Amino acid sequence: MSESMTPSEDVAILVVDDSSFNRLVLKRRLAELGYPNVTMAEDGIQGLAALEKARFDIMLLDLEMPNLDGIGVLEQLRAARGAAPPVIVISALTEMEKIVRCIELGAEDYLPKSFDPPLLKARLGAVLEKKRLRDLADARLAALEAELESARAAQLSLVPRDFVAAATGQLSVHAAMVPARQVGGDLYDCLRLDAKHMLFAVADVSGKGAPAGLTMARTLGLMRAAAKRLAPTDGAPDPGDILAMTNDDLSADNESQTFVTVVVGVIDGTTGAGRIAVAGHDIPLLLGGAAPPRLLQKLRRQTALGVMEGILYASDPFTLAPGETLFCYSDGVSEAEDDKGGFFGRERLEAALAEAGTDPRQVVDTVLRAVTAFADGAPQADDITALALRFGD
């Protein structure tokens with residue numbers, strides 16, 4: 001027997017049996033096998049009460065008892081969905097149909113009422129070893145989830161939260177990112193470049209999870225570095241040049257063939273005029289005025305980043321009139337799924353935007369609520385990111 005399966009005085013055992021003779025025999029057998037830490041209960045009700053008061057490593061549970069039998073105990077444990085100990089059912093060989101029912105309800109094994117010492121030792125050892133391995137797996141899973149949650153917090157700390165500080169002139173901005181897993185591959189950015197100009201961006205890294213999250217962080221850093229490096233003495237950097245420089249860095253040694261779709265723009269907060277570049281991403285929508293939500297016109301949709309070095313990217317001019325809002329989003333919005341596999345789609349997105357007004361926070365919150373209502377509890381398949389930028393009062 002391995003060291004991990006050696007009987008220990010620390011193993012806490014709960015015996016639930018209405019027969020005083022059976023309880024006495026089991027207590028003696030267990031003590032002989034090196035398990036002195038035994039608690040006794042006379043029926044299922046007492047057994048459940050004991051489980052509420054203390055932690056046990058294993059429970060020996062009789063099938064036939066007054067008040068509440070073994071099957072009743074297992075049914076209550078399953079309904080409670082708590083951290084119950086593994087169960088070995090005490091039974092007569094004539095009760096095989098009930099034994100099968102107990103196994104279906106979660107019992108690990110069964111023990112004939114002869115309480116043969118070698119058999120008792122073997123079954124206790126096997127069940128305790130399985131419990132040890134499950135506890136080890138649970139501990140490692142908890143540690144992994146804690147690390148992923150820490151990574152999630154670190155990732156979210158990279159994107160701006162102080163939207164007032166990022167805005168310039170007559171601009172107001174708001175954004176939100178909801179990863180499908182603890183760590184996601186979407187990003188948004190809104191960065192004050194100087195007294196007049198602000199950079200804004202939404203991007204989507206191919207793939208999900210930690211690898212996409214690392215590429216997300218790298219892409220965000222590269223775009224910011226490119227914007228600062230390319231900024232002229234008087235004026236603002238061109239979004240196309242920012243994408244070209246970022247693409248070269250992402251494409252170098254890209255063995256995983258990860259690509260990034262992105263929309264990035266630079267806008268003058270005093271005039272509402274700017275330039276925008278789109279690389280494989282959804283075209284932003286324009287809100288406000290007499291017209292319903294509509295695509296920002298005459299934008300070129302160019303190659304995603306990370307595919308190949310040396311690609312030249314171009315930007316296109318755009319202007320926000322006073323009171324107009326630009327809405328940028330990742331495909332996690334339009335491709336959000338319900339439990340039947342249907343997509344949220346552009347029509348629903350435009351309908352939500354039509355009801356949202358032009359206030360950036362209200363726009364983002366309205367879209368996220370609409371997506372959540374559409375999904376109606378279906379698992380989130382992709383990261384969801386939205387950014388709204390408004391010019392003027």
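We use all heavy atoms of the structure for the numbers below, so side chains are in, but hydrogens, waters and symmetry mates are not. Note that the structure is predicted; figures quoted are calculated from it, not measured.
When side chains are defined from C-beta on, Lys98 does not count as touching Asp69, because their heavy atoms never get closer than 4.5 Å. By the 4.5 Å heavy-atom criterion applied to side chains, Leu68 and Gln76 are counted as neighbours. No side-chain heavy atom of Asn37 sits under 4.5 Å from any side-chain heavy atom of Asp10. The closest side-chain heavy-atom distance from Ile58 to Lys131 is not below 4.5 Å. Within the 4.5 Å cutoff, no side-chain heavy atoms of Val263 are placed close to those of Leu299. By the 4.5 Å heavy-atom criterion applied to side chains, Phe327 and Pro293 are not counted as neighbours. Proximity of Thr258 to Ser206: side-chain heavy atoms (C-beta onward) are separated by under 4.5 Å at one or more points. Using a 4.5 Å heavy-atom cutoff, the side chains of Arg123 and Tyr110 are in contact.
Of all heavy-atom pairs between Ala279 and Tyr313, the closest is CB-CE2, 3.9 Å. The minimum heavy-atom distance between Ala314 and Ala277, with the atom names listed, is O-CB, 3.5 Å. Contact between Thr271 and Phe391 at its shortest, heavy atoms only, is C-CZ, 3.4 Å. Arg192 approaches Ala165 most closely through the heavy-atom pair NE-O, 3.0 Å. Summarising the geometry of Asp186 relative to Ser330, their closest heavy-atom pair is OD2-OG, 2.7 Å, with the distance given to 0.1 Å. Listed here is the closest heavy atom pair of Val363 and Ala356: CA-CB, 3.8 Å.
With Met59 as the partner, the side-chain contact (heavy atoms from CB on, under 4.5 Å) test is satisfied by one option alone out of Val16, Val89, Thr39: Val16. Checked against Arg369 for a side-chain contact (heavy atoms from CB on, under 4.5 Å), the options Val371, Asp365, Val367, Thr372 give a single hit: Asp365.
Annotation: the span from Cys190 atom SG to Leu171 atom CG amounts to 10.5 Å, rounded to 0.5 Å. To the nearest 0.5 angstrom, Leu368 atom CG is 9.0 Å from Thr385 atom OG1. Atoms CE and CG, from Met198 and Leu389 in turn, are 4.5 Å apart once rounded to the nearest 0.5 Å. Rounding to the nearest 0.5 Å places CG of Asp204 at 15.5 Å from OH of Tyr188. Rounded to the nearest 0.5 angstrom, Glu104 CD and Arg78 CZ are separated by 8.5 Å. Separating the CZ atom in Phe343 from the CG atom in Asp331 is a distance of 10.0 Å, to the nearest 0.5 Å.
Transitive grouping of hydrophobic side chains (ILVMFWY, heavy atoms separated by less than 4.5 Å) brings Leu295 and Leu287 into a common cluster. Linking ILVMFWY side-chain heavy atoms closer than 4.5 Å, directly or via other members, places Ile242 and Met308 in a single hydrophobic cluster. In the hydrophobic cluster analysis, where Ile, Leu, Val, Met, Phe, Trp and Tyr join through side-chain heavy atoms closer than 4.5 angstrom, Leu24 is grouped apart from Leu14. Placement of Val127 and Leu136 in two distinct hydrophobic clusters is found when ILVMFWY residues are connected by side-chain heavy-atom separations under 4.5 Å, directly or transitively. The hydrophobic cluster containing Val87 does not contain Val100, counting ILVMFWY residues as joined when their side-chain heavy atoms lie under 4.5 angstrom apart, directly or transitively.
Within a 6.0 Å radius of CG in Leu312, no more than 12 heavy atoms belonging to other residues, nucleotides or ligands are found. Within a 6.0 Å sphere centred on CZ of Arg361, heavy atoms belonging to other residues, nucleotides or ligands number 12 at most. In the displayed structure, Lys113 atom NZ is contacted under 6.0 Å by more than 12 heavy atoms of other residues, nucleotides or ligands. Atom CZ of Phe259 has 12 or fewer heavy atoms from other residues, nucleotides or ligands within 6.0 Å.
Under the 4.0 Å criterion applied to side-chain N and carboxylate O atoms, Arg134 and Asp138 are not assigned as salt-bridge partners. Salt-bridge check for Asp268 with Lys196: passed, with a basic side-chain N closer than 4.0 Å to an acidic carboxylate O. The pair Arg300-Asp316 meets the salt-bridge criterion, with a side-chain N (NZ, NE, NH1 or NH2) lying under 4.0 Å from an Asp/Glu carboxylate O. Checked for salt-bridge contact, Glu129 and Arg132 meet the test: a charged N lies under 4.0 Å from a carboxylate O.
With hydrogens and angles ignored, the 3.5 Å screen pairs no side-chain donor or acceptor of Arg29 with any backbone N or O of Val25. A donor-acceptor pair is defined here as one N or O able to donate and one able to accept, closer than 3.5 Å; no such pair exists between the side chain of Arg23 and the backbone of Met40. Judged purely by atom type and a 3.5 angstrom limit, Arg301 uses its side chain to pair as donor or acceptor with the backbone of Gly280. In this structure, the side chain of His281 engages the main chain of Tyr329 through a donor-acceptor pair within 3.5 Å. For Asp382 (side chain) and Ala336 (main-chain N/O), no donor-acceptor pair under 3.5 Å exists by modelled atom type. Panel note: side chain Arg55, backbone Ala12; no donor-acceptor pair is recorded below 3.5 Å. With Gln380 contributing its side chain and Ala378 its backbone, the two residues share no donor-acceptor pair below 3.5 Å. Here the side chain of Asp18 pairs no donor or acceptor atom with the backbone of Glu42 at under 3.5 angstrom.
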(Q) Apply side-chain contact (heavy atoms from CB on, under 4.5 Å) to residues Leu111 and Leu120 and explain how you reach the verdict. (A) CA-CA 7 Å; Leu111 181 69; Leu120 175 60; 3.5 Å; yes
Q. Do Glu75 and Arg101 pass the side-chain contact (heavy atoms from CB on, under 4.5 Å) test, and can you show the C-alpha distance, the side-chain angles, and the key distance before you say yes or no?
A. CA-CA 10 Å; Glu75 287 175 340; Arg101 177 56 181 156; 3.9 Å; yes
Q) Are Leu326 and Ile267 close enough, and set up right, to give a side-chain contact (heavy atoms from CB on, under 4.5 Å), and what steps lead you there? A) CA-CA 11 Å; Leu326 189 67; Ile267 185 171; over 6 Å; no
Q: I would like to know whether Leu320 and Leu286 meet side-chain contact (heavy atoms from CB on, under 4.5 Å); could you show each step before the answer?
A: CA-CA 9 Å; Leu320 294 183; Leu286 187 63; 3.4 Å; yes
